[in-house]
J.: 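Provided herewith is a single structure, encoded as C-alpha cells, for subsequent inquiry.
Positions are given from 1 along the sequence. Order of listing sets the numbers, starting from 1, for every ligand and every atom in it.
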Amino acid sequence: MALEKTLAIIKPDALEKGIIGELCKRVEDAGLKIVGMKMMQLTPKKAEGFYAVHQGKPFFAALVKYMSSGPCVVMCLEGENAIKRWRDTMGATDPEKAAEGTIRKDFGTNIERNVTHGSDAADTARSEIGYFFESGDLMHYEWI
Ligand code: ATP
Ligand code: MG
C-alpha cells in the first residue's frame with residue numbers, strides 16, 4: 001500500500017445535474033481525502049492541453065467542447081492507493097459497461113458525458129495535479 005495523490009475532475013455534466021455534494025461524499029466514502037479543490041471553467045485551450053494524449057482521436061473535438069462547456073470542480077485526492085481507488089470508484093469510461101454502484105454507472109449519460117475524471121497512473125497523476133495546482137495549494141493532513 002502506498003499513500004498517493006491523484007487528480008479528479010467533477011465534469012460539467014455533473015454540475016448540470018447538481019451532484020457535486022454526492023460526488024464529494026463518494027470520495028470520502030472511498031476513504032480518500034480532498035487535499036485541493038477549485039471550481040473553474042476550462043478554456044478550450046486548457047481542455048485541449050489536459051487531454052492532449054487524445055489529440056487526433058475522432059472524439060477529441062467533442063471532448064474539448066464538452067469539458068469547456070461549463071464549470072467543473074478540480075480536486076486533488078489523497079489516500080492509500082488513491083489512483084486505483086478513485087478509478088474503481090468512478091467505474092469504466094462507458095457508463096453502460098461500468099460496474100454496479102460506481103459513479104459512472106449511477107450518473108453517467110454516455111461514453112463522453114461520464115461525470116468524472118481520474119488520473120490513470122503515477123506519472124499522469126503527478127503531471128495532471130501540476131496542471132491545476134501549485135504545491136503550496138495542497139493541504140496536509142495527519143495520517144494515523
Ligand atoms: P478520464 O481520462 O476522463 O478519466 P478515462 O480515462 O476513463 O476518462 P479516456 O480514454 O482517457 O477515458 O478518455 C477521456 C475522456 O474522453 C472520457 O472520459 C470521455 O469523456 C471521452 N471519451 C473517451 N472515449 C470516448 C469515445 N469513444 N467517444 C466519446 N468520448 C469519449
Ligand atoms: Mg483517461
J.: Judged by atom type as modelled, is there a donor-acceptor pair below 3.5 Å linking the side chain of W86 to the main-chain atoms of E78?
T.: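 Checking the backbone N and O of E78 against the side chain of W86, no donor-acceptor pair under 3.5 Å is found.
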
J.: Going by the atom numbers of ligand 1, which of them fall below 4.0 Å from some non-hydrogen atom of Y51?
T.: 1 (P), 2 (O), 3 (O), 14 (C)

J.: Just how far is it from atom OG of S68 to atom CE of M40, taken to the nearest 0.5 Å?
T.: 13.5 Å

J.: Does L63 have a heavy atom less than 4.0 Å from any atom of ligand 1?
T.: yes

J.: Would you say M67 contacts ligand 1, with heavy atoms under 4.0 Å as the rule?
T.: no

J.: Would R85 and E80 pass as an ion pair if we require N to O under 4.0 Å?
T.: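 The answer is no: the pair does not qualify as a salt bridge.
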
J.: Measure from atom 8 (O) of ligand 1 to every heavy atom in K57, H54, R104 and give the option owning the shortest one.
T.: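 Going through K57, H54, R104 one by one, R104 has the nearest heavy atom to atom 8 (O) of ligand 1.
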
J.: Ligand 1 versus E128, non-hydrogen atoms closer than 4.0 Å: side chain, backbone, both, neither?
T.: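 Neither part.
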
J.: Classify the contact between R113 and ligand 1 as side chain, backbone, both or neither, using a heavy-atom distance cut-off of under 4.0 Å.
T.: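 Neither part.
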
J.: Kindly confirm or rule out a cation-pi arrangement of K38 over F133, judged by NZ or CZ under 6.0 Å from the six-membered ring centre and within 45° of its axis?
T.: yes

J.: State plainly whether one hydrophobic cluster holds both I111 and I9, where clusters connect Ile, Leu, Val, Met, Phe, Trp and Tyr through side-chain heavy atoms under 4.5 angstrom apart.
T.: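 No.
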
J.: Could you list the atoms of ligand 1 found under 4.0 angstrom from a heavy atom of H117?
T.: 1 (P), 2 (O), 3 (O), 4 (O)

